[in-house]
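Right, one structure below, let's go through it.
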Amino acid sequence: MTNPTKLATFPQCASFGSLDRRRFLALTATASLAAVVGSQAQAQENATRSVAPGWSAADIPSQVGRSVVITGGNGAPRIIREGTFPPPGEYSGLGYQDARALAGKGANVIIASRDETKGSEAVALIKAEHPEANIRFDRLDLADLASVKAFSDKLQNEVDRVDILINNAATAGTPDRRVNGAGLELTWATNAVGHFSLTAHLMPLLRRGENPRVVFLSSGAASRATEMEDLQTEKDYTPLKAYAISKAALLVLARDLNRRSSENGWGIHMMASHPGVCKTFLIPSGPGPDSDFGRNLLAHPERFRPTELGVLATLYAAAHPAAETGQYYGPVNDKYEVGISQDHAAFATADITSRLYDALATATGQTIG
Ligand SMILES: NC(=O)c1ccc[n+]([C@@H]2O[C@H](COP(=O)([O-])OP(=O)(O)OC[C@H]3O[C@@H](n4cnc5c(N)ncnc54)[C@H](OP(=O)(O)O)[C@@H]3O)[C@@H](O)[C@H]2O)c1
C-alpha cells in the first residue's frame, strides 16, 4: 500500500553526489510533490474503482470445511420504529452479516462476544435461514485479557485450525471516559488491545489454517487520528477520538502484521476492511445520541446504509479468491461495490508502526509470531 505522506528525507542527499543542498531540496520538493500528486491521483482512482463490480455475498465460493472465528457477530436484525434513537429502520451487526454469509456457504463459524442471549438469538436466526449451518456462539470479552485467554485456550481444544479470523467486534466508546479492570481506556482496550491479544493467542491455529486470513475492521473515522501518542485519550477524551485512534491502530497493525508474516514465512494473510457507514448498534449501544456520532446519525440517517452492503468489503477480504494479501478494502461507490480503500492511516510512518506494536505488546504481555 502506498503512503502519500512518506516524503523524501534529507539523508538521501548523500546519493545526489555533487548537488548542493539548496538544489537538492528544490529537486526533492518537486519530486516529492510529484509523488504526492501521483499517489493522490492513484488513491482517488482506487477510491472509486471497484475490484469486483456487482459482487455480492451470494458469489462467495463454497466455504465448506473452513473454520471461521468472528468477534462480535451476535447483532441479529432489529426494526427500530419512529420516535426513538436511533432513527427508524432495520439495524443489525456487521459481524452478524459476516456470520450469516459464511455459514450460509458451509463454513464452520464461531461468533464470539459478551452477550450470550443475543448470541443464541443470532445463531437461531441463521440456522432458520440455513438449516445446515454449522454455527455457534462462544463467550468472549475483548476488554478483559483473562477472558480472551480463556476463549482462546478453549478453542485450541475444540478445533485443529482457524482459516479465517474476522476481528470485527468494537465499541465506539461511551459518553464519559471509562477504563477496564486493568486501567486501560475501554475503547482502546476492546478494539485494539483485545484483538492484538486474541490474534496472538490464535497464531498456532492460524498457522495450521488453509490459506489463512485475518481481517481487521478499521473505519473511515480512523482518518481523524493524526498521531499515535495519546493512545488512551488521557489528555482529551471524546468517544470519536478514542474510536479513531483504535481504528487507525487496527489498520496500521494489519499492515505491520502482514509485513511480518511475509518476512517470516507465517503464510497468514493479514488484511483490513471498512464497511462505509451502516445501520448498526454501534452508536445506540455506545456513545448515544448526544455525541458526534449520534448527531451525525440524527442529521443524516439516509447516509447510513444496510449492513448487507457494508459487510461486502470484509467478506471480500475474508473469502474472495482474488483478494490481495495486506490490502485494505472498502466500499468505493454509491452501490457499495468493493474496492481498495483510501488509506485512513496515512500518517503512520515505520517508526509510528513499530511503537504501536510495542505499545500493544506491552499492554498484553504478548507478541505475535
Ligand atoms: N457501523 C458502521 O457504520 C461502521 C463504520 C466503520 C467501521 N465499523 C466497524 O464495524 C465493526 C462492527 O461494528 P458494528 O457497526 O456492527 O457495531 P455493533 O452492531 O455495535 O456490533 C459490535 C459487536 O461487538 C461486540 N462487542 C462489543 N464490545 C465487546 C467486547 N468487549 N468483547 C467482545 N465483543 C464485544 C458486540 O457484542 P456484545 O455486546 O455481545 O459483546 C457486537 O456484537 C466494528 O469493528 C466497527 O468499528 C462500523
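All values below were derived from every heavy atom in this structure, side-chain atoms included, with hydrogens, water molecules and symmetry-related copies excluded. Ligands are counted one by one from 1 in listed order, and the atoms in each one are counted from 1 as well.
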Distance filter under 4.0 Å, heavy atoms only, around ligand 1 gives Gly72, Gly73, Asn74, Gly93, Leu94, Ser113, Arg114, Asp115, Lys118, Leu140, Asp141, Leu142, Ala143, Asn168, Ala169, Ala170, Thr190, Leu217, Ser218, Ser219, Tyr243, Lys247, Pro275, Gly276, Val277, Cys278, Thr280, Phe281, Leu282
Between Ser273 and Thr314, does any side-chain donor sit less than 3.5 Å from a side-chain acceptor?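 Side chains of Ser273 and Thr314: pair found under 3.5 Å.
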Quiz item: cation-pi between Arg305 and Tyr336, 6.0 Å / 45°: yes
Do we get Arg260 above Tyr357's six-membered ring, with its NZ or CZ under 6.0 Å from the centre and within 45° of the axis?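 Judged by the rule, Arg260 and Tyr357 form a cation-pi pair.
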Name all pairs fulfilling the side chain to side chain donor-acceptor pair (under 3.5 Å) condition that reach into residues 202-212, sequence neighbours left out, sorted by first residue then second.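 Matches after skipping sequence neighbours: Asn211-His269.
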Only counting residues at least two apart or in another chain, list the ones meeting ring pair (Phe, Tyr, Trp, His ring centres under 6.0 Å) with His344.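 Scan of His344 (ring pair (Phe, Tyr, Trp, His ring centres under 6.0 Å), adjacent residues dropped) gives His274, Tyr328.
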Going by ring-ring contact (aromatic ring centres under 6.0 Å, His included), name the pairs with one or both residues in residues 84-124, residues two or more places apart or in two chains. none
